[in-house]
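In listed order, ligands and their atoms are each counted from 1. All values below come from the heavy atoms of this structure, side chains included, with hydrogens, waters and symmetry mates left out.
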Amino acid sequence: MKELEEKIRKEGRVLPGTILKVDSFLNHLVDVALFSEMGKRFAEEFKAESITKVLTVEASGIALASIAAQFFPNSPRVLYAKKSRALNQDSNVYSTPVFSFTHNKQYLMTVDKQYLLPTDRILIIDDFLANGGAVNGLLRLCEQAGATVCGIGIAIEKGFMGGGDRFRSEGHHLCSLAVVDAMNDGEIVFRQ
Ligand code: 5GP
C-alpha cells in the first residue's frame, strides 16, 4: 500500500536491533485516516470470508483492528488477546506462551473461552509481523477454541525476519500492507 510505504519512509526510524519505530502514526500517535484506508484494504482482501470476529493482541493491534472491523459486513466484534505475566491458573481462558520480540521476554497470551467460539470465522490483525511469535500465539488460541482462521492482516511485515513467508508457505491467506525486505543503514527497502 503506497500511502503506508510513503509514511514509513517519511516518519519511520530504524533503531539498532532491527526495530522500526513508527510511533508518529502507528504505535503511539494514531493516524485515523490512514488506519481507515488500511481497514478498507483488509475488508476488500477478505470480503469473501464471512468474518465473525477480528482477533488481535493488546495493545497496538487494538486500534487497527477496531477501525478495520467497521468496514466488514455484519459488524464483526473485535476480540483482543491479553498479555499476562502470571502463570495460567484460570480454566476459563485459552492460553499460550509467546516470546515478545520487542521486549525480549516471554508472556502468556490469553482469551476468555466464552468469546472465542468453534463457530467463529476469524481474521487476525496486528500492527507488525516479524518472527511470527505473536501471530502464532493467536493461531494457537484459535486452534484451542476450534475456530476457523480465514486470514491474517498485517500493517507492516518485516519480510527479512521470515515469519510472513513461513505463514504463506503453510497456506495462510496473509495480507501485509507493507513488506520491509531490508533496513540497511537506515534505508528502508520495500518488497515489490
Ligand atoms: P513477532 O512476534 O512477529 O516477532 O513480532 C510482532 C510483534 O512484535 C508485534 O505485535 C509488534 O508489537 C512487535 N514488533 C516486532 N517488530 C517490531 C518493530 O520493528 N517495530 C515495532 N514498533 N514493533 C515491532
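- Ion pairing between a basic and an acidic side chain is recognised when a charged N comes within 4.0 Å of a carboxylate O; K47 and E44 show such pairing.
- A salt bridge is defined here as a Lys NZ or Arg NE, NH1 or NH2 lying under 4.0 Å from an Asp or Glu carboxylate O, and R191 with D165 meets this definition.
- Taking a cut-off of under 4.0 Å to the non-hydrogen atoms of D127, the atoms of ligand 1 that pass are 9 (C), 10 (O), 11 (C), 12 (O).
- Annotation: V22 places no N or O atom under 3.5 Å from an N or O atom of ligand 1; distance criterion only.
- Using a 3.5 Å distance cut-off with no hydrogens or angles, the side chains of D127 and N27 do pair a donor with an acceptor.
- Scanning the protein for heavy atoms near atom 23 (N) of ligand 1, the closest one is F128 CD1, 3.5 Å.
- Interface of L129 with ligand 1, defined as ligand atoms under 4.0 Å from a residue heavy atom, comprises 3 (O).
- Contact analysis puts G132 in contact with ligand 1, with a non-hydrogen atom separation below 4.0 angstrom.
- In the candidate list L26, L20, N131, T56, N131 is nearest to atom 4 (O) of ligand 1, counting heavy atoms.
- Annotation for ligand 1: atoms under 4.0 Å from non-hydrogen atoms of A134 are 2 (O).
- Look at E11 and K21 and you find no salt bridge, because none of the NZ, NE, NH1 or NH2 atoms lies under 4.0 Å from a carboxylate O.
- Note: no N/O pair closer than 3.5 Å links V135 and ligand 1 by distance alone.
- Counting heavy atoms closer than 4.0 Å to ligand 1, residue D126 contributes side-chain atoms (C-beta onward) but none from N, CA, C or O.
- Taking every heavy atom of N27 and a limit of under 4.0 angstrom, the matching atoms of ligand 1 come to 22 (N).
- No N or O atom of I19 sits closer than 3.5 Å to an N or O atom of ligand 1.
- The residues E3 and K7 are annotated as not salt-bridged, no charged nitrogen and carboxylate oxygen being separated by less than 4.0 angstrom.
- Here the closest non-hydrogen pair linking Q192 and F190 is NE2-O, 3.3 Å.
- Of the candidates K158, M161, K83, K158 brings a heavy atom nearest to atom 16 (N) of ligand 1.
- The pair E5-K2 meets the salt-bridge criterion, with a side-chain N (NZ, NE, NH1 or NH2) lying under 4.0 Å from an Asp/Glu carboxylate O.
- Using a 4.0 Å cut-off between a side-chain N of Lys or Arg and a carboxylate O of Asp or Glu, K40 and E37 qualify as a salt bridge.
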